[in-house]
2 protein chains.
Amino acid sequence: MGVSKSESFSVAHNEMANLFKALSHPARVAIVEYLLSVDTCICGDIVEVLPLAQPTVSQHLKELKNANIIKGSIDGTAICYCINPDTIEIIEKYFGSINQQLKNKCC
Amino acid sequence: MGVSKSESFSVAHNEMANLFKALSHPARVAIVEYLLSVDTCICGDIVEVLPLAQPTVSQHLKELKNANIIKGSIDGTAICYCINPDTIEIIEKYFGSINQQLKNKCC
DNA sequence: TTATTATATTGCAATATTACGATAAATAAA
DNA sequence: TTTATTTATCGTAATATTGCAATATAATAA
């Protein structure tokens, strides 16, 4: 019991759920919005912006990377993070499609 | 410690994270897509569609309701669930705005 | 080489989530 | 009233997530 039965669901449902899970923590939402707010992708100061310790921030960045929501490229000793526009577009289109389908409904 | 430091983040970041958390499980994604697939909102057969026991489905429905992603209205002994278009639109616009901001960027 | 700097990993404690059997609650039908 | 039917809640076990100190890794600078 208690085990997440993700294998019982379709790959598509799991993929969407994983995208949302990556954004299901305020720290990760804050990271995405911070990456949006800075001019360039070059930014190694995310730890300074968040009220969390460096290992915790590193962990959150890893989850966003694993979900393909952000990309990181090595720049000497620092790492440059930026948002992956492809993934954002996938999510936007997903909700756009839901909205479209809702327009042909009674609710 | 392990306690989620959600109070350390803005209300806006928490609100968006809570929306995504509601959709961060394949069962809840499946519920949303099932509600989209049926003609009317009148549906008391969600349990039949999912590979989960009735109390588990009830719990997932509760989380979607709490996040305002679905609405439920009592119809005799059954409950009619349907998607809340307002919340879907909030999410779509959120990603639309991110996409817009990304267009003016180097990445 | 030895610092220094930036990020990642490990290990662990605290908490949250997931799942379901048992049971309760509420309404409808007999 | 009694009996179905439908959904919700309780209690609990299994697992996942969150957070951070300590430490490791990797690249640069001195």
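Naming convention: chains lettered A, B, ... in sequence-line order (proteins, then strands); numbering from 1 in each chain.
Under 4.0 angstrom from either OP1 or OP2 of C:dT17 there lies at least one side-chain N or O belonging to B:K21. Considering only side-chain N and O atoms, A:K62 lies nowhere under 4.0 angstrom from the phosphate OP1 or OP2 of D:dT18. Not one side-chain nitrogen or oxygen of A:K5 sits closer than 4.0 Å to the OP1 or OP2 atom of C:dT17. Under 4.0 angstrom from either OP1 or OP2 of D:dG19 there lies at least one side-chain N or O belonging to A:H25. One finds a side-chain N or O of A:T56 lying less than 4.0 angstrom from the OP1 or OP2 phosphate oxygen of D:dC20. Phosphate contact (OP1/OP2 of C:dT17, side-chain N/O of B:H60, threshold under 4.0 Å): absent.
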Intermediate values then yes/no, side-chain hydrogen bond (donor to acceptor under 3.5 Å, both in side chains), A:Q101 and A:S97: CA-CA 6 Å; A:Q101 289 176 258; A:S97 155; 3.3 Å; yes

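Aromatic pair A:Y34/B:F9: ring centres not closer than 6.0 Å.
Applying the salt bridge (Lys or Arg N to Asp or Glu O under 4.0 Å) test to pairs two or more places apart or on separate chains, those with a residue in residues 49-67 of chain A are A:R28-A:E63.
A:P26 approaches B:N14 most closely through the heavy-atom pair CG-OD1, 3.4 Å.
Straight-line distance from the CG atom of B:D45 to the C1' atom of D:dT5: 14 Å, rounded to whole Å. As rounded to whole Å, 14 Å separates atom C1' of C:dT17 from atom CG of B:N18.
Contacts of B:S73 classified as side-chain contact (heavy atoms from CB on, under 4.5 Å), with partners at least two apart in sequence or in another chain: B:C80.
Within the nucleic acid shown, B:L52 comes within 4.0 Å of sugar-phosphate atoms alone, with no base atom in reach, counting heavy atoms only.
Counting heavy atoms from C-beta on, the side chains of A:V29 and A:V32 never come closer than 4.5 Å.
Between its two ends, the helix from C:dT1-D:dA30 to C:dA30-D:dT1 turns its axis by 20°, counting five pairs per end and rounding to 10 degrees.
Ranked by how close their nearest DNA chain C nucleotide is to the 5' end, B:Q54 and B:E63 are led by B:E63. When each of B:Q59 and B:P55 is assigned the nucleotide of DNA chain C bearing its nearest heavy atom, the one mapping closer to the 5' terminus is B:Q59.
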